[in-house]
Every structure is written in structure tokens, then in C-alpha cells.
Amino acid sequence: MPKNDSGASSNFITEMIDADNESGRFGGRVHTRFPPEPNGYLHIGHAKAFCLNFGLAARYGGLCNLRYDDTNPTKEEVEYVTAIQEDVRWLGWDWGDRLFYASDYFDKLCEFAFRLIRAGKAYVCDLSADQIRETRGTLTRPGSESPYRNRSVEENLNLFERMKAGEFPDGSRVLRAKIDMSSPNLNMRDPVMYRILRASHHRTGDKWCIYPTYDFAHGQSDSIEGITHSICSLEFEDHRPLYDWYLHNLGIHHPRQIEFARLNLTYTVMSKRRLRELVEAGHVRGWDDPRMPTLSGMRRRGYTPEAIRAFLDTIGVAKRDSVVDIALLEHCLREDLNKRSPRRMAVLRPLRMVIEDYPEDRVEELDALNNPEDPAAGTRKVPFSRVVYVEKDDFREVPPPKFHRLSPGREVRLRHSYCVRCVGVVKDEKTGEVVEIRCAHDPETKGEGTPDGRKVKGTIHWVSARHAVDAEVRLYDHLFTRPDPGGVEEGSEEDAYGGVDAAGAARVPPAAEAAPRDWKADINPSSLATLTGCKLEPALAGVAPGFRCQFERLGYFCADPDSTADKPVFNRTVTLRDTWAKIEKARRL
RNA sequence: UGGGGCGUAGUCAAGCGGUAAGACACAGGAUUUUGGAUCCUGCAUUCGGAGGUUCGAAUCCUCCCGCCCCAACCA
């Protein structure tokens, strides 16, 4: 992909901006904005949008505002406005002193409404919401005009003034734009501009009982802020003619709107509605659950802002609907983490190993490289003693082909330490399970090499039993079992739509051909595995929440805020690539 | 059956009339005290389909097919 000096990708949007700059359309100015509604936490799809907006501003030496599109007081909360700022900042962006709210413009918007009424381009309509819907027509049939459409300017002025003054009950009247009830674009069939809504707003409190709709607020808000390029997602393409109409009839600054396709990822869901449902139904522990695709969840999981940005740069920006393989996100994560993570040893499923020929009371402090990718990261001391814990997975009584870890009679290297050979096992009398392995070490192999040059194929990690720190470790897997949660069931494409589900009760689907499954049925019941009694090397004692490292041979981990002084809790951010696991999986199939 | 948008590999995505970039995934191999990392190699004779224009078409024209969005006083 073509890149400019700042490393950001070129795309169809930069081409349009380049053209605008060349023609002098906005005097060479580039001013964008990120306009979230504070009704939920930001997810990585939003990150695509704001990195695009802030990135464009940075690329062209322009500015990017943060503006809350808070026109619906029934859904918005301050909790979300705070969280949104934290997330945007986390990814490295700065809106300077340009933090705005659409609600800052309520007075101005109201004035715009009066201006349109005076121009005979807006009217107060007494039809109910149901009646408005019924008279809007359908996709193929034009709508019919409201009986209130031709009220006089004076009457409209009077009525709207009284709507504003609170003389009418909620929902009894609306202000509508007088455009064209037979337009093939439904958005142009006299859309609602203002509704009566007695709800307390998170910023304006009870000052207003009428609120502008998003469509009547968004374009003008961009205009007021002097935005040059209004970047938004594809579904607003149909609304552009409406925004054009408002801006044109109001005669105010007219930004250029450019639409792009939002981000979708396999094995997860990406809509605030669904994410909220996961939170509220308790399928996850909260918006910042490390399994969530929310930025707060990813942060808690151990993602780095750099990895997310690299991912976003890699996927590009286009208008085609797409679903990006989550493996690409994980690749970007590993690539970043590999370079910067100190290595540590941790045993998740401990198996006791006794080195019979190693003195009972001896302890050696061995040198271990902190990061083979980065010599500057230095070394640390790791204590070694007669009894250590190794990973259960690293021992097989009956080794399968190509297994080059430990089994009776075989030799492996204990990472940074000695080579040991398994000379016996101790089994549980009742279950027959191996509960301890007995080994002999070769004193000549300390740290590196073998005296006779023999090859020792496997290297396994370990933790000295008497020095180990006990920990809880949380392993995460995809939140959903299918790449397309709720996707159409194979073979059922011809099924008739069986009814109206609760969530869609008011939204009658068109006579659908395909039958989507319930997306919640695809939730992965094993997306979280909590391991206790894990053994960490002592260097890991007392690390601060947010501390990231690689547990050698296992993956990248991050200390969770649930950690306490005596018991660390670690989240697995992502596993290492695991060729052996792949071989074993292939063998099972 | 209206309007708007989009079709390039399993997934993203360049390409802008001169003969299909790159990344992920996948498959081999080298190397390795992390089965990690790294390094090689392979992976679209063809761009949704069919016609047409042209010396030459993924790029231009025509028709067809498929997918997404729109009938909230949500955003």
C-alpha cells in the first residue's frame, strides 16, 4: 500500500482531499472530526474511524475535533463521555482545546429551525409517529403529504415556539422539513427535525423539552465547526442529500462528506447494541472484559496502542463491506509485543520435577536473557534448585511421533539451565496419573552446550518450586465460536422468516428469505479459562497492573488490575504461534 | 419491482489503457537453548458474468448477475 512520510496509507479519501487541495475548495485547509454518541464504549471499529480522522488531520497539517453527537438524552451518559476520551487518548490522539458537543449548538440549531420555518421550508406536523410512518410510503411507493404540510409561516412559528416552551405533551407534534414526499430517497420525505422529549440531558439538564434529530444536528454541527471533510460510514451515504439540503437552504459552510466501510472482525461482534447486550446479560464481566473488542477491553487484555494502529494501517480504508480475519490483528499484536516484551518463565499447569542428583539445599542464581530480540534489555537472575515445576504438557509418558519434549529416558534442556534426563515417574496410586517426574541432570550443561556435542532437541521452561510465586492466570479465546456470529445457517437460505424477535419487535423485517441464527447462540462457552495455582518466577512478584511480558513458550501476558500484593493475576494477551499445537490438531482430525 | 453503494486469491487490499503490488492465512524448506523470532520458496495465465471499443482492457462502453444499506420522533 502506498505510504506517505508519516507512514499513513493513501486511499480514496486522501485522493479526494488532494483534489480539493489542488482546486482550492477549502483554501487548502483540512479539518476533520470524530463524532461519537456517548451511549456506549468505543470498540476497535470506532478506532478505525477516529484514527482515520485524526490521521488525516495529522497528514495534512490540519486539525481534528472531538465532538459528541449527543442529541438523544435518553441514551447518553457521562460515564461514556469520560471513557471515550480516555480511549482516544490511549491511541495517541489529541484534540487540543477542541472538545465539543452537539448540545453546545442547541440554541443555534433552534435558530436554524426558525430560519427554515420562516423560509417556508419547515412545518409543525401533528401526526403521530405511527401516522408519519404510514404516510411515508414504502421503498417502491411514494408517501403522501401531511394534512399539516401547508400551515402558514405564522402558524408554524407560533406552534414551534410553543413546542419549545413546553406547551405540548411528548410526541404530540414534530417539526418537519418540507422537502418531497415522493422522493425515491426516503430521507427526503419530509424528515423530522425536532421532537418533543421531556428527558434530562447529561449536559443541558432540563433546559430543553425539544431535541433536534441527529439528521438535523449533524451536518450543521460540522458546518459550525468549519469542518472541511466529514468522514462517516457507508450507511450515511443516503443521508448526504438531506444534509446538503439543510446546508444549502441555510446558506452556511458546506463540508464535503466522504463515506467509508466500517470495520468488521471475525469471531466477534462489532455493534454497541450487541456489546451492551453482552455486558447487561452478564456474558462478559463488563465493557472492559478482556474478551471484548472494546478499546478498554483490549487495553486490559494487554494490547498496545501501537499494535492497534499498525493493524489499522494494514487493513486500509475502502468502501467495500469487509470482514477482517482476526488473525491479522493478532499478527500485528505479536509483531509489536515480540520486540518489546521482556521474557519471563511461568508454569501454568505445574508438574513437580525432582532432580535426584542435585543437592537438596543448593540454590543457583542463573543468568537469563531478558529479550533475545533486544540485547539491550539485559539479563536477570533466576533461581534454580532441586525441585522445580514444569508444564504438564511438556511431559508425555508415551511420546507421540515428533514430540521432542520430556518422556521416560529422554533428555531435554531446562531453559537457561541444565539438561535433564527423565529417570522415573511417580504416579497417583488411585488414578494412575503422573504426579511427579524424577530426573538426573548433567552438570556439564549448565547454561549452554553439551560436553560431547550431543543435540538436545527440546527446551522447556520451569520455575524453582521453593522460589515460585503463586498466581491466577486467565486464558482467553475468541468470544464466539463462529467467524460470523449469527450468520445465516448453512442450508437454511430458503427458510421463511419465522416471526419477530423481541429486539426487533418494532422493526418489521422485510419478508426475508434467509434465516439468521441468534447471534448469542454462537457465544463461545470456553472463551475464558481461569487457572489458579500457576507458578511464576520470583522476578514477577509484585508487578504493577498493566505490566506486560512474554511467558516463554506460552504467549504474551499482562498483569490485571485484579492483582493483589500477594497474588498476581495475569491475562493472556495472545498466545505465541504454536507449530506443535498445529501438528497435534492436524493429527487429531 | 424505488433509491444509494459495492464486486480483484481463503481474508484485507493496491491497481486509474501497456500486460495482476503488499499483508494475513495456508503449504514446504533453512536455522534455532522459546516447536517463538528470523530467513528462503510456493500460493489469481486472471480481476462477478457476457458482449463491445482498442494494437492492447481489472481499468472505457453496454447488458446481466450477486452482496450491502434505506420505510426510528436512533445515531
Side-chain angles (χ1 to χ4, degrees), chain A residues 1-2 9-11 15 35-37 39 69-72 74-75 125 127-129 132-134 136-143 170-171 173-176 183-189 191-197 211 213-215 217-218 233-241 259 261 266 272-273 314-332 334-335 338-339 343 345 369 372-373 402-405 412-417 419 445 447-449 456-461 483 506-508 510 550-555 575-583:
Chain A
M1 181 166 301
S9 309
S10 298
N11 52 57
E15 280 179 18
E37 182 189 17
N39 68 342
D69 268 342
D70 52 353
T71 54
N72 186 352
T74 64
K75 294 185 176 174
C125 180
L127 257 25
S128 68
I132 288 179
R133 178 163 39 75
E134 284 156 17
R136 186 155 26 228
T138 68
L139 294 179
T140 52
R141 257 187 302 278
D170 285 10
R173 283 178 229 259
V174 293
L175 181 70
R176 289 227 256 173
S183 171
N185 181 345
L186 291 297
N187 294 123
M188 303 297 272
R189 320 242 265 224
V192 172
M193 294 162 58
Y194 265 92
R195 71 272 213 188
I196 304 173
L197 189 58
Y211 290 95
T213 58
Y214 171 85
D215 277 347
H218 185 80
S233 46
L234 253 26
E235 67 270 30
F236 293 106
E237 208 144 16
D238 282 345
H239 296 239
R240 182 155 28 104
E259 307 84 5
T266 55
K272 276 194 257 186
R273 196 204 108 223
T314 305
I315 59 171
V317 182
K319 296 195 73 160
R320 183 187 329 182
D321 286 318
S322 62
V323 183
V324 178
D325 192 337
I326 198 159
L328 179 56
L329 211 210
E330 293 171 347
H331 162 81
C332 293
R334 290 188 182 105
E335 194 172 50
N338 176 50
K339 285 180 298 194
R343 316 285 123 129
M345 291 199 287
L369 216 45
E373 297 296 312
K402 289 187 185 162
F403 183 82
H404 44 250
R405 274 112 97 146
V412 294
R413 153 85 54 193
L414 291 181
R415 173 124 247 231
H416 307 304
S417 176
C419 291
T445 58
E448 60 182 351
V456 175
K457 198 88 160 127
T459 297
I460 67 174
H461 58 278
R507 311 267 299 129
V508 181
Q550 181 195 100
F551 286 174
E552 289 208 64
R553 301 210 306 132
L554 297 173
T575 62
L576 251 29
R577 278 185 56 204
D578 191 347
T579 312
W580 172 245
K582 204 181 288 180
I583 293 170

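Below, chains carry the letters A, B, ... as their sequence lines are ordered, and counting in each starts from 1.
Taking side-chain N and O atoms only, A:Arg240 has no distance below 4.0 Å to OP1 or OP2 of B:G4. Residue A:Arg273 places no side-chain N or O under 4.0 Å from the OP1 or OP2 atom of B:C74. A sub-4.0 Å separation between OP1 or OP2 of B:G36 and a side-chain N or O of A:Thr579 is present.
A straight line from NZ of A:Lys339 to C1' of B:G36 spans 16 Å, rounded to a whole angstrom. In this structure, NE2 of A:His331 is placed 14 Å from C1' of B:U11, rounded to the nearest angstrom. Per the geometry, NE2 belonging to A:His404 stands 14 Å off P belonging to B:U31, to the nearest Å. Protein atom CZ of A:Arg195 is 4 Å distant from nucleotide atom P of B:C74, rounded to whole Å. Rounded to an integer number of Å, the gap from A:His461 NE2 to B:G35 P is 10 Å. Straight-line distance from the CG atom of A:Asn185 to the P atom of B:G2: 15 Å, rounded to whole Å.
Set against B:U11, B:A75, B:G35, the side chain of A:Asp325 has B:U11 as its closest nucleotide. With B:C24, B:A75, B:U34 as the candidates, the nucleotide lying closest to the side chain of A:Arg553 is B:U34. Nearest nucleotide to the side chain of A:Lys582, out of B:C26, B:C12, B:A71: B:C26.
A salt bridge between A:Lys272 and A:Glu37 is absent, with no side-chain N of the basic residue lying under 4.0 Å from a carboxylate O of the acidic one.
As judged by a 4.0 angstrom heavy-atom cut-off over every strand, A:Arg343 is placed among the base-contacting residues.
B:A30 adopts an anti glycosidic conformation, its chi angle falling more than 90° from 0.
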